[in-house]
Amino acid sequence: MQTETDTAEIVVCTGLLGVCVLSVTSDSPDTITGDIENWGTDDWYDRLSKHVKPEEGVYTIKAEVTYLEDTDECKYNILETSWKGKAN
């Protein structure tokens with residue numbers, strides 16, 4: 001069973017010390033931030049599907065996010081990524 005799918009923009013920073021989520025913009029940001037907190041930032045990031053990203057730095061992930069009630073987690077379908085000087 002699942003709930004509605006929401007489009008979200010998640011701004012992350014990657015670097016030597018791992019991953020930091022800077023912001024989450026969506027109709028239901030609490031669901032997404034709760035998923036990130038449940039997994040831990042680095043494990044959450046490692047679970048995302050392969051996507052175009054910078055080696056390190058700040059970038060935005062635009063994704064369709066579906067909350068799965070039966071497993072109490074979110075599924076992320078990455079639509080595009082972008083960062084200063086680069087858009088995909």
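Because the structure is a prediction, the values reported are computed rather than measured.
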Worked check of side-chain contact (heavy atoms from CB on, under 4.5 Å) between E9 and I61: CA-CA 6 Å; E9 287 193 3; I61 299 169; over 6 Å; no

CD1-OG1 distance between I32 and T25, expressed to the nearest 0.5 angstrom: 9.0 Å

Which residues pass the side-chain contact (heavy atoms from CB on, under 4.5 Å) test with V11, not counting sequence neighbours? L22, S23, V58, T60

So T5 and V65, side-chain contact (heavy atoms from CB on, under 4.5 Å) or not? Walk me through it. CA-CA 5 Å; T5 298; V65 182; 6.0 Å; no

How would you list, by chain and number, every residue that makes a side-chain hydrogen bond (donor to acceptor under 3.5 Å, both in side chains) with S28, sequence neighbours excluded? D6

Within-4.5 Å side-chain heavy-atom neighbours: D72 and Y67: yes

Could you work out, with side-chain contact (heavy atoms from CB on, under 4.5 Å) as the rule, every residue matching T71, not counting sequence neighbours? L68, E73

Looking at side-chain heavy atoms only, is the closest gap between V12 and I10 below 4.5 Å? yes

For side-chain contact (heavy atoms from CB on, under 4.5 Å), just list the numbers for T81 and W83, CA-CA rounded to whole Å, side-chain angles, deciding distance to a tenth of an Å, and then say yes or no. CA-CA 7 Å; T81 59; W83 59 94; 3.9 Å; yes

Is the shortest heavy-atom distance from the side chain of S26 to the side chain of T7 under 4.5 Å? no

Got a sec, which residues hit side-chain hydrogen bond (donor to acceptor under 3.5 Å, both in side chains) with T33, two or more places apart in sequence or on another chain? none

Steps toward side-chain contact (heavy atoms from CB on, under 4.5 Å) verdict (Y59, T14): CA-CA 8 Å; Y59 76 105; T14 61; 4.1 Å; yes

With sequence neighbours excluded, tell me which residues meet side-chain hydrogen bond (donor to acceptor under 3.5 Å, both in side chains) with D46. none

Going by the salt bridge (charged side-chain N to carboxylate O under 4.0 Å, His left out) test, which pairs reach into residues 25-45, not counting sequence neighbours? none

Mind checking what makes ring pair (Phe, Tyr, Trp, His ring centres under 6.0 Å) contact with Y76, not counting sequence neighbours? W44

Results of side-chain contact (heavy atoms from CB on, under 4.5 Å) for N77 - residues two or more places apart only: E64, L79

